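One is the number of the first residue; the rest follow in order along the sequence. Quantities reported herein were computed from a predicted structural model and do not represent experimental measurements.
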Amino acid sequence: MNFRLALLSGAAFALSASAVAQDANIDGRVGKLEREMRAVQRQVFPAGAGKFIAPDIQSPTTAKPETPSTTSATSDLLVRVDALEAQLATLTGQVEQQGNNMRGLEARLKILEAQLATAQLASAPQETAVPATAQVTTAPSVLPAAAPVPAAVTVKPRPVVAAAKPVASAAKPSAARVAAVAAIERPATGDAFEDGYTYGFRLWEAKFYPEAQATLEETLKTYPKHRRASFLRNLLGRAWLDDKKPATAVKIFYDNYKADPRGERAPDSLFFLGSALTDLGKTAEACEAYGELTRAYPDVASGRLADRVTAGKTRAKCK
């Protein structure tokens, strides 16, 4: 009798150990799947701040239990595994589709860039920044109440002559413009990046676009990996776009999004990319940019940029 009791106890212990091992194995699978899903979701939603969309763990073919006691822990875990695997497959497909869309858009932008470069060599006005001699390094500490703001300096296109050498000179800003730029206060907080960004913003806000471009480009060249570089690159693109130079703006906006899709101004750059492409008459590519904005940053596209995105799609006649 004692021998049989010992055998039964041993069998029960073995079954219990097997069940524990099975539960531990399923727990491991669930943990692994959840980690993989979070990694995929970070690609699908780069601006999601780590948010995790929980799957629906209720199996559609399994009846809901009447009481909690009727469902074992192992059955619950199996249902979770099935649901997680299904959602992971869906998210992986979304990532692949998003990658294909971006590769297609990038290829079309490269073709567009080459076409614009060819057109500029023919006869189009050049998108040139103001020469370094036009920048004023000293400025008064107080902005005058009514500082004169003359019209922007225009550069007339030079006629193309086959045998002629390119002219190296650039248009010199007027004395009135130099004085007006000098009236813009240059910050001096000790943070070189922030001072450059703030000064570039003030120049852009005052519509001194070439001077803003020069300031922002120099700051970005010095601090390309700064934590707020996304802000600066986006503002640099706007300085070119507002200066009626959408071809240059397209490259800057796209580079800002591609270089740092988690950057705080990456969604804004996608929006302005669509706007610049629309200015160039490339409405199909503009609609792709707006679509990418909606897919990659759904919260931003339906939130603070919702009105702009709607207006942009309307202007580009997106379907």
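For the pair Leu293 and Arg308, the minimum side-chain heavy-atom distance is 4.5 Å or more. Leu232 places none of its side-chain heavy atoms less than 4.5 Å from the side chain of Asn256. Counting only heavy atoms from C-beta outward, the side chains of Thr219 and Tyr199 never approach each other to under 4.5 Å. By the 4.5 Å heavy-atom criterion applied to side chains, Tyr290 and Cys318 are counted as neighbours.
Residue Gly200 comes nearest to Leu235 through the heavy atom pair C-CD2, 4.3 Å, listed as atom of the first residue, atom of the second, then distance. Heavy atoms only, all atoms of each residue included: Arg233 and Leu220 are closest at CG-CD2, 3.6 Å. When all heavy atoms of Gly263 and Pro267 are compared, the pair lying nearest together is O-CD, 3.8 Å. Taking each heavy atom of Ala229 and Pro224 in turn, the nearest pair found is CB-O, 3.8 Å. Thr283 and Ala316 get closest at one heavy-atom pair: CB-O, 3.4 Å. Ala180 approaches Phe208 most closely through the heavy-atom pair CB-CZ, 3.6 Å.
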Legend entry - side chain to side chain contact (heavy atoms under 4.5 Å, CB included) assessment of Lys313 paired with Thr294: CA-CA 11 Å; Lys313 288 182 176 180; Thr294 302; 3.7 Å; yes

Legend entry - Verdict with supporting geometry, Phe253 and Leu270, side chain to side chain contact (heavy atoms under 4.5 Å, CB included): CA-CA 7 Å; Phe253 287 132; Leu270 271 179; over 6 Å; no

Legend entry - Steps toward salt bridge (charged side-chain N to carboxylate O under 4.0 Å, His left out) verdict (Arg295, Glu292): CA-CA 5 Å; Arg295 286 188 297 270; Glu292 179 63 17; 3.2 Å; yes

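Using a 4.0 Å cut-off between a side-chain N of Lys or Arg and a carboxylate O of Asp or Glu, Asp268 and Arg304 qualify as a salt bridge. A salt bridge is defined here as a Lys NZ or Arg NE, NH1 or NH2 lying under 4.0 Å from an Asp or Glu carboxylate O, and Arg202 with Glu205 fails to meet this definition. Between Asp260 and Lys225, none of the side-chain N atoms (NZ, or NE/NH1/NH2) sits under 4.0 Å from a carboxylate O, so this pair counts as no salt bridge.
A cation-pi arrangement is found for Arg228 relative to Phe231, the charged atom lying closer than 6.0 Å to the ring centre and inside a 45° cone about the ring normal.
In this structure, the separation between CG on Leu273 and OH on Tyr254 is 8.5 Å, given to the nearest 0.5 Å. To the nearest 0.5 angstrom, Glu264 atom CD is 8.5 Å from Arg227 atom CZ. Here Leu241 contributes atom CG and Asp279 contributes atom CG; the two are 5.5 Å apart, rounded to the nearest 0.5 Å. A distance of 12.5 Å separates CG of Leu236 from CH2 of Trp204, quoted to the nearest 0.5 Å.
Using cut-offs of 30° and 60° on the angle between ring planes, the pair Tyr297 and Tyr257 is perpendicular. Aromatic ring orientation, Tyr223 versus His226: perpendicular (interplanar angle above 60°, classes split at 30° and 60°).
With 3.5 Å as the limit, one finds no donor-acceptor pair spanning the side chains of Thr198 and Arg186. A donor-acceptor contact closer than 3.5 angstrom is absent between the side chains of Arg265 and Asn234.
Between the Arg315 side chain and the Ser275 main chain, a donor and an acceptor come within less than 3.5 Å of each other. Using modelled atom types, no side-chain atom of Asp243 and backbone atom of Lys245 make a donor-acceptor pair closer than 3.5 Å. Side-chain atoms of Asp195 come within 3.5 Å of backbone atoms of Thr189 as a donor-acceptor pair (strictly under, hydrogens ignored). For the pair Glu211 (side chain) and Leu203 (backbone), a donor-acceptor distance under 3.5 Å is absent.
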